[in-house]
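Note that the structure is a prediction, hence the values are computed from the model and not measured. Lettering follows sequence order; numbering is per chain, from 1.
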Number of protein chains: 2
Amino acid sequence: MRDNYYFIEKLRSLGLRPTKQRVRICKVLFDRNDTFHFTIYELANLLKLKSKEKISLATLYNTVHAFKKKGYLKEISINSDKSYFDTNISDHHHFFNESTNELIDLTDKDFDNIKLKKSLPGKKIKSLEILVKVANNN
Amino acid sequence: MRDNYYFIEKLRSLGLRPTKQRVRICKVLFDRNDTFHFTIYELANLLKLKSKEKISLATLYNTVHAFKKKGYLKEISINSDKSYFDTNISDHHHFFNESTNELIDLTDKDFDNIKLKKSLPGKKIKSLEILVKVANNN
DNA sequence: ACACTACTTTAGAATCATTATAAATTATAA
DNA sequence: TTATAATTTATAATGATTCTAAAGTAGTGT
């Protein structure tokens with residue numbers, strides 16, 4: 001649905017050079033209807049499926065971190081051996097299914113009124129993340 | 001404030017054999033007034049200060065995981081290269097200071113009404129954790 | 001088109017937290 | 001005291017991530 005040109009412009013607008021590796025990564029991550037939760041490993045596999053031209057692991061790490069730094073991706077707080085990223089950069093929260101290691105989005109609307117009443121002097125709030133861990137019944 | 005006997009009984013009540021390593025670890029973790037947030041590395045350093053008798057790293061990992069499994073410790077959901085644990089096993093939440101990697105407790109009372117309105121069929125909720133990331137002003 | 005510079009990609013090595021292994025030790029119950 | 005199962009331990013292995021330094025590429029100005 002989105003062509004290379006769209007992502008080239010998008011990358012430029014973020015202040016990132018639109019290399020062919022980055023455009024290919026963008027297409028895998030952002031050329032889709034739903035939000036996408038992924039690990040670097042999963043991203044690497046998707047890229048392999050899409051094309052035979054290899055992108056090095058180092059580039060995947062570099063790119064994902066560059067996107068995160070520019071606010072084009074979010075990292076999700078989970079204590080896991082791997083890092084999880086999310087293409088949905090809006091304020092929202094997650095279910096984490098411990099049986100399958102799957103993430104599911106939650107919105108503010110799924111909660112009544114999250115209002116933090118405490119603040120810390122001399123510190124500014126960067127984010128408020130809620131993680132609801134679930135497991136399959138059985 | 002708590003003697004070895006207290007922890008020996010505590011360990012037995014959890015179904016864990018009260019070895020001298022476990023008792024020493026308990027004293028470092030639980031013989032204190034405030035709740036304690038730590039990484040394995042920090043725990044290792046505290047133990048070194050308390051006594052010259054070495055406890056192997058493998059034992060620290062084994063013990064902390066055994067305690068977590070028995071509900072005597074909690075693991076905190078942070079995307080970090082290290083795992084963070086908490087001696088406060090009650091339902092509560094955290095500030096995480098990204099400038100210093102410090103954790104600070106938050107209680108339910110620090111929030112209005114956290115009520116999750118969504119559920120997932122076939123899955124049971126294991127925990128609901130809120131992580132508020134902060135950074136030093138400057 | 002050309003050259004220059006800074007940015008980017010890359011393979012491979014290095015790092016570091018964590019887990020696995022397998023042998024020695026220890027707690028507990030009979 | 002003895003048998004057994006649990007525990008500790010040093011060490012190796014694993015695996016995600018970061019580092020390094022050389023080769024390649026995009027953007028700017030000429």
Side-chain angles (χ1 to χ4, degrees), chain A residues 4-5 7-28 37-48 51-70 72-73 75-85 101, chain B residues 4-5 7-28 37-48 51-70 72-73 75-85 101:
Chain A
N4 286 7
Y5 183 71
F7 291 115
I8 288 171
E9 285 312 301
K10 178 68 190 182
L11 287 166
R12 276 201 238 274
S13 78
L14 293 171
L16 295 170
R17 288 189 180 173
T19 63
K20 64 176 187 304
Q21 291 88 342
R22 285 173 175 166
V23 172
R24 281 181 55 211
I25 292 169
C26 279
K27 295 196 83 170
V28 165
H37 304 113
F38 65 96
T39 61
I40 297 289
Y41 178 80
E42 290 162 350
L43 174 56
N45 282 336
L46 281 180
L47 285 161
K48 263 180 223 151
S51 156
K52 272 193 288 281
E53 289 178 60
K54 179 183 180 191
I55 299 180
S56 79
L57 242 198
T59 298
L60 294 189
Y61 277 97
N62 290 342
T63 302
V64 166
H65 283 127
F67 286 3
K68 179 190 169 188
K69 196 169 175 187
K70 297 295 186 177
Y72 200 21
L73 282 176
E75 190 169 359
I76 300 170
S77 288
I78 303 180
N79 52 327
S80 164
D81 53 333
K82 299 180 213 350
S83 292
Y84 284 80
F85 297 90
N101 282 11
Chain B
N4 286 6
Y5 182 71
F7 290 116
I8 288 171
E9 284 311 301
K10 177 69 189 179
L11 288 166
R12 286 214 172 92
S13 77
L14 293 171
L16 296 170
R17 288 186 180 176
T19 63
K20 64 177 187 302
Q21 290 88 342
R22 285 174 175 166
V23 171
R24 281 180 54 210
I25 291 169
C26 279
K27 294 196 83 168
V28 166
H37 303 115
F38 66 97
T39 61
I40 296 290
Y41 178 80
E42 290 161 352
L43 174 56
N45 283 337
L46 282 180
L47 284 161
K48 264 180 221 151
S51 156
K52 271 193 290 283
E53 289 178 61
K54 178 184 181 193
I55 298 180
S56 79
L57 242 198
T59 298
L60 294 188
Y61 277 97
N62 289 342
T63 302
V64 166
H65 282 126
F67 286 3
K68 179 190 170 190
K69 195 168 176 189
K70 296 295 187 178
Y72 200 23
L73 283 175
E75 190 169 359
I76 300 170
S77 287
I78 302 180
N79 53 325
S80 164
D81 53 333
K82 300 182 212 347
S83 292
Y84 284 79
F85 297 90
N101 282 11

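Using a 4.5 Å heavy-atom threshold, the side chains of B:Val28 and B:Phe38 count as separate.
With sequence neighbours excluded, the residues satisfying side-chain hydrogen bond (donor to acceptor under 3.5 Å, both in side chains) with A:Ser56 are A:Thr59. Checked against ring pair (Phe, Tyr, Trp, His ring centres under 6.0 Å), B:Phe7 has no partners two or more places apart in sequence or in another chain. The ring pair (Phe, Tyr, Trp, His ring centres under 6.0 Å) search around B:Tyr72 returns B:Phe30, B:Phe67, not counting sequence neighbours. Taking B:Lys27 as the reference, B:Asn4 meet the side-chain hydrogen bond (donor to acceptor under 3.5 Å, both in side chains) condition, with sequence neighbours excluded. Every residue two or more places apart in sequence or in another chain was checked for a side-chain hydrogen bond (donor to acceptor under 3.5 Å, both in side chains) with A:Thr19, and none qualifies. Qualifying side-chain contact (heavy atoms from CB on, under 4.5 Å) partners for A:Glu9, counting only residues two or more places apart in sequence or in other chains: A:Tyr5, A:Arg12.
Applying the salt bridge (Lys or Arg N to Asp or Glu O under 4.0 Å) test to every pair with at least one member in residues 38-48 of chain A, sequence neighbours left out, gives no pairs at all. Evaluation of the side chain to side chain donor-acceptor pair (under 3.5 Å) test over residues 61-70 of chain B, restricted to residues two or more places apart or in two chains, returns B:Lys68-B:Glu75.
Remark on the helix from C:dA1-D:dT30 to C:dA30-D:dT1: inter-end axis angle 30°, axes from five-pair C1' superpositions, rounded to 10°.
How far OG1 of A:Thr39 is from CG of A:Asn101: 9.5 Å, rounded to the nearest 0.5 Å. Taking CD1 of A:Ile25 as the start and CD1 of A:Ile55 as the end, the distance is 4.5 Å to the nearest 0.5 Å.
Following rounding to the nearest Å, A:Leu11 (CG) and C:dT8 (C1') show an atom-to-atom distance of 13 Å.
Side-chain N or O atoms of B:Arg24 include one that pairs as donor or acceptor with a backbone N or O of B:Glu53 at under 3.5 Å.
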Heavy-atom protein contacts under 4.0 Å, nucleotides 11-20 of chain C, coded B base, S sugar-phosphate only, - none: B-----SBBB
Below 3.5 Å is the cut-off: list the nitrogen or oxygen pairs between protein and nucleotides 1-7 of chain C, distance only.
unit_1, atom_1, unit_2, atom_2, d
C:dC7, O4', A:Arg17, NH1, 3.4

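A pairwise comparison of heavy atoms in B:Ile8 and B:Val23 identifies CG1-CG2, 3.8 Å as the closest pair.
Among the atoms of the strands shown, base atoms are found under 4.0 Å from some heavy atom of B:Thr59.
The footprint of chain A on DNA chain D, defined by a heavy-atom cutoff below 4.0 Å, extends from D:dA16 to D:dG27.
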